[in-house]
Amino acid sequence: MTENRAANNEISAAEEYELVTTRVINASPALVYEAWTKPEHLAQWWGPNGFTNTFHEFDLRPGGIWEFVMHGPNGVEYPNKNEFVEIGPERIVLRHVCEPHFQLTATFEDLGGTTRLTLRQLFEDEAVFNAIKKIASSHTEENLDRLEAHLQKMSI
């Protein structure tokens, strides 16, 4: 982990079955929000290193569906389906409605030119949480690295 990432990152288990990741990103909340809410941007950075995405549905509204396939670097395909619960410039909440079930809350806090992005993944039970937490931290880090790299391209 680089010094900058270590200083700007925080991962914790806030609630019993919740993973929390925080990172300060060198981009405005508006730009970060755009990267999360425009499928042409989101498809470019979503997922761990080496993954690509094919979006089938992206209906950005409460009750709307985001359905896609993540293509792993090993050729394995991972179908995903989410339902948007809340959409707003400071917060996005979605429910992952296929296995593993969880709710993801992303908040975008304005720090005067940078953004504190906080991701909260709340899992349905202990077994799912324990199975996921082993890989979730590193995959979330890779996902946020990819977001930051994409934000740099967006701001050029």
Side-chain angles (χ1 to χ4, degrees), residues 1-2 4-6 8-27 31-61 63-87 91-108 115 117-156:
M1 179 180 296
T2 65
N4 187 36
R5 272 184 50 194
N8 292 328
N9 238 11
E10 175 185 316
I11 296 177
S12 63
E15 292 195 16
E16 196 170 357
Y17 308 130
E18 183 177 52
L19 293 173
V20 180
T21 304
T22 302
R23 185 181 289 193
V24 175
I25 295 177
N26 189 20
L31 193 64
V32 176
Y33 183 77
E34 182 179 344
W36 274 79
T37 57
K38 304 275 186 191
E40 64 270 22
H41 293 299
L42 187 58
Q44 298 301 309
W45 65 267
W46 189 260
N49 291 339
F51 281 74
T52 60
N53 298 287
T54 301
F55 285 18
H56 299 292
E57 185 174 353
F58 190 80
D59 184 7
L60 185 69
R61 63 176 177 80
I65 299 298
W66 172 26
E67 192 166 5
F68 64 103
V69 175
M70 292 177 64
H71 310 282
N74 58 357
V76 176
E77 296 197 345
Y78 301 90
N80 283 266
K81 186 174 184 179
N82 299 292
E83 178 185 0
F84 291 106
V85 176
E86 182 181 332
I87 301 296
R91 179 172 140 124
I92 295 171
V93 180
L94 59 85
R95 195 172 300 115
H96 196 256
V97 296
C98 58
E99 296 287 335
H101 297 282
F102 61 89
Q103 181 166 291
L104 175 68
T105 301
T107 57
F108 314 100
T115 303
L117 173 62
T118 302
L119 301 178
R120 304 179 84 87
Q121 288 179 277
L122 181 59
F123 294 89
E124 62 182 1
D125 62 40
E126 183 177 13
V128 172
F129 174 75
N130 287 333
I132 296 298
K133 74 179 180 180
K134 296 171 188 167
I135 60 167
S137 295
S138 64
H139 287 304
T140 299
E141 291 298 330
E142 292 174 9
N143 203 15
L144 294 178
D145 289 346
R146 292 181 69 193
L147 169 60
E148 285 187 303
H150 187 72
L151 287 164
Q152 287 179 354
K153 293 176 193 171
M154 288 175 67
S155 40
I156 292 175

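Position 1 is the first residue of the sequence, and the numbers go up from there. All heavy atoms count here, side chains included; hydrogens, waters and symmetry mates do not. All values reported here derive from a predicted model rather than from experimental measurement.
Taking OH from Tyr33 and CD1 from Ile87, the interatomic distance works out to 5.5 Å, rounded to the nearest 0.5 Å. In this structure, the separation between CD on Glu67 and NE2 on His56 is 7.0 Å, given to the nearest 0.5 Å.
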Donor-acceptor pairs under 3.5 Å, side chain of residues 97-105 to any protein atom, not counting sequence neighbours: which ones?
{"from": "Glu99", "atom 1": "OE2", "to": "His101", "atom 2": "NE2", "distance (Å)": "3.2"}

N/O donor to acceptor pairs below 3.5 angstrom from side-chain atoms of residues 40-49, sequence neighbours left out:
{"from": "His41", "atom 1": "ND1", "to": "His150", "atom 2": "NE2", "distance (Å)": "2.8"}
{"from": "Trp45", "atom 1": "NE1", "to": "Ala35", "atom 2": "O", "distance (Å)": "3.0"}

Under 3.5 Å, sequence neighbours excluded: what are the donor-acceptor pairs made by side chains of residues 128-135?
{"from": "Asn130", "atom 1": "OD1", "to": "Lys133", "atom 2": "NZ", "distance (Å)": "3.3"}
{"from": "Asn130", "atom 1": "ND2", "to": "Glu126", "atom 2": "O", "distance (Å)": "3.3"}

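Heavy-atom minimum distance, Ala27 versus Leu151: CB-CD1, 4.1 Å. Taking all atoms of both residues into account, the shortest heavy-atom contact from Thr107 to Arg91 is CG2-CG, 4.0 Å. Across all their heavy atoms, Ala127 and Asp125 have their closest contact at N-OD1, 3.2 Å.
Not counting sequence neighbours, the partners of Thr54 by the side chain to side chain donor-acceptor pair (under 3.5 Å) test are His71. The side chain to side chain donor-acceptor pair (under 3.5 Å) test applied to Asn80 returns His96, not counting sequence neighbours. By the salt bridge (charged side-chain N to carboxylate O under 4.0 Å, His left out) test, Asp59 is found to be paired with Arg61, residues two or more places apart in sequence or in another chain being considered.
Between Leu119 and the options Thr140, Asn143, Ile92, a side chain to side chain contact (heavy atoms under 4.5 Å, CB included) holds for only Thr140.
Using a distance-only test at 3.5 Å, with no hydrogens or angles considered, no donor-acceptor pair links the side chain of Asn53 to the main chain of Phe55.
Between Phe51 and Arg146 the shortest side-chain heavy-atom distance falls below 4.5 Å. Between Leu147 and Arg23 the shortest side-chain heavy-atom distance does not fall below 4.5 Å. Under the 4.5 Å side-chain criterion, counting only non-hydrogen atoms from C-beta, Val93 is not in contact with Phe84.
Contact check on Glu57 versus Lys81 returns no salt bridge, with no Lys/Arg side-chain nitrogen under 4.0 Å from an Asp/Glu carboxylate oxygen.
The aromatic rings of Trp66 and Phe58 sit perpendicular, their planes meeting at an angle over 60°, well past the 30° parallel limit.
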